[in-house]
Amino acid sequence: MRTPTTSTGMTLWLTGLPGSGKSTLAQALARELGGSGFRTQVLDGDELRANLSADLGFTERDRNEHTRRVGFVAQLLAGHGVVVLVPVIAPYRRSRADVRAHHEQRGTPYVEVHVSTPVSECMQRDPKGLYAKAAAGRIPNLTGYNDTYEEPDSPDIRVDTTDIDLNGASELVMKLLAKRGLPVGS
């Protein structure tokens, strides 16, 4: 395993539907990377919405602005040697592409993980009760249910958490990082 240094920052952007497993996978990856000596930070979508983008709603324009803000913060931290894990829905391809371009322009490694769990599985899990609220008409713009989610055309990796446990999903991402020559060990 290569020893982490202050220059090993990168952004792991996990996009997918509500309930797909983005946050759970991000937390597992953060624990694994942190245990190997990396400085990690999870930028949780709900926390960011409440604190960084409290002034924004859920229009396409506002969602794009939220994605831009989150991408800026992620790149800033990654540029200072932090492995940043970003489990956010970020429903539009164009705004995700802009975040990738922002990282590339600054020479910051960026990996897009599409947590591609199907909506039927996400609805069954429904950990926050969002799908039930949307079905009852209490959430008019739930991404992937009654609002747009544009799946990535070419993410760096797709992980469907339907038939794989957390360790297996984490291992898939870690193998990709190692294959790309990013200093993550194993």
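Bear in mind that the values here come from a model prediction, so they are computed numbers and not experimental data.
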Fill in: Ser170 side-chain N/O to Asn167 backbone N/O, donor-acceptor pair under 3.5 Å
no
Worksheet item: Where do Val111 and Trp13 land on the side chain to side chain contact (heavy atoms under 4.5 Å, CB included) test, with the steps shown first?
Response: CA-CA 6 Å; Val111 175; Trp13 190 276; over 6 Å; no
Practice prompt. Taking salt bridge (charged side-chain N to carboxylate O under 4.0 Å, His left out) as the test, write out the residues that go with Asp153, two or more places apart.
Written response: Arg93
Fill in: Exam field: side chain Arg49 to backbone Gly57, donor-acceptor pair closer than 3.5 Å
yes
Worksheet entry | Worked verdict on Phe72 versus His102 for side chain to side chain contact (heavy atoms under 4.5 Å, CB included) | CA-CA 8 Å; Phe72 175 82; His102 179 79; 4.0 Å; yes
Worksheet, complete the sentence: Contacts of Asp62 meeting salt bridge (charged side-chain N to carboxylate O under 4.0 Å, His left out) (sequence neighbours excluded), chain-then-number -> none
Fill in: Atom pair CG/CG of Leu33 and Leu85 - distance to nearest 0.5 Å
6.5 Å
Fill in: Flag for His66-Ser53: side-chain donor and acceptor within less than 3.5 Å
yes
Worksheet item: Is the backbone of Asp98 close enough, under 3.5 Å, to the side chain of Arg68 for a donor and an acceptor to pair up by distance?
Response: no
Response to the item:
Heavy atoms of Pro118 and Leu17 approach each other most closely as C-CD1, 4.4 Å
Worksheet item: Is a donor on one side and an acceptor on the other found under 3.5 Å between the side chain of Ser20 and the backbone of Ser116?
Response: no
Fill in: Donor-acceptor under 3.5 Å (Arg100 side chain, Arg96 main chain)
no
Item to complete: Verify the cluster assignment for Leu56 and Leu52: are they in a single hydrophobic cluster under the rule of side-chain heavy atoms below 4.5 Å apart?
Response: no
Worksheet item: If you look at every heavy atom in Ser95 and Thr67, which pair is closest and at what distance?
Response: OG-CG2, 3.7 Å
Response to the item:
So CD of Glu151 and CZ of Arg158: to nearest 0.5 Å the spacing works out to 6.0 Å
Worksheet item: To the nearest 0.5 Å, how far apart are CG in Asn141 and OG1 in Thr59?
Response: 9.0 Å
Worksheet item: Do Asp156 side-chain atoms and Glu112 backbone N/O form a donor-acceptor pair below 3.5 Å?
Response: yes
Discussion item. Using the ring pair (Phe, Tyr, Trp, His ring centres under 6.0 Å) criterion, which residues pair with His114? Sequence neighbours excluded.
Written reply: none
Worksheet item: How far apart are the C-alpha atoms of Lys22 and Val88, what are their side-chain angles, what is the distance that settles it, and do they pass the side chain to side chain contact (heavy atoms under 4.5 Å, CB included) test?
Response: CA-CA 7 Å; Lys22 299 177 303 297; Val88 295; 5.8 Å; no
Worksheet item: Do Thr117 and Thr161 have side-chain N/O donor and acceptor atoms under 3.5 Å apart?
Response: yes
Discussion item. How close do Gly79 and Thr108 get, counting heavy atoms only, and between which atoms?
Written reply: N-CG2, 4.3 Å
Worksheet item: Are Phe38 and Val113 linked, directly or through other ILVMFWY residues, by side chains that come within less than 4.5 angstrom of each other?
Response: yes
Worksheet item: What residues, two or more places apart in sequence or in another chain, satisfy salt bridge (charged side-chain N to carboxylate O under 4.0 Å, His left out) together with Asp44?
Response: none
Worksheet item: More than 12 foreign heavy atoms under 6.0 Å from CD of Gln124: is that the case here?
Response: no
Item to complete: Verify side chain to side chain contact (heavy atoms under 4.5 Å, CB included) between Thr15 and Tyr149, making sure each step is shown before the conclusion.
Response: CA-CA 10 Å; Thr15 181; Tyr149 177 75; 2.9 Å; yes
Discussion item. Is there a continuous path of hydrophobic side-chain contacts, each under 4.5 Å between heavy atoms, that joins Tyr92 to Phe58?
Written reply: no
Worksheet item: Distance from Gln105 atom CD to Gln75 atom CD, nearest 0.5 Å?
Response: 9.5 Å
Worksheet item: Which residues satisfy the salt bridge (charged side-chain N to carboxylate O under 4.0 Å, His left out) test with Arg125, sequence neighbours excluded?
Response: Glu121
Worksheet item: So, the side chain of Asp165 versus the backbone of Ala169: is there a donor-acceptor pair under 3.5 Å, distance only?
Response: no
Worksheet item: Do Leu76 and Val73 touch side chain to side chain, with heavy atoms closer than 4.5 Å?
Response: no
Discussion item. Working to the nearest 0.5 angstrom, can you tell me the gap between Leu43 CG and Leu14 CG?
Written reply: 11.0 Å
Worksheet item: If every non-hydrogen atom of Gly9 is compared with every non-hydrogen atom of Pro109, which pair is closest and at what distance?
Response: O-CD, 3.5 Å
Discussion item. Please give me the minimum heavy-atom distance between Ala74 and Val86, naming the atom from each residue.
Written reply: CB-CG2, 3.9 Å
Worksheet, complete the sentence: In short, salt bridge (charged side-chain N to carboxylate O under 4.0 Å, His left out) pairs touching residues 69-87 with sequence neighbours left out are Asp55-Arg69, Glu65-Arg69
Worksheet item: Is it true that Leu48 and Leu77 fall in one hydrophobic cluster, defined by side-chain heavy atoms closer than 4.5 Å?
Response: yes
Discussion item. If hydrophobic clusters are built from ILVMFWY residues whose side chains come within less than 4.5 Å, do Leu177 and Val115 share one?
Written reply: yes
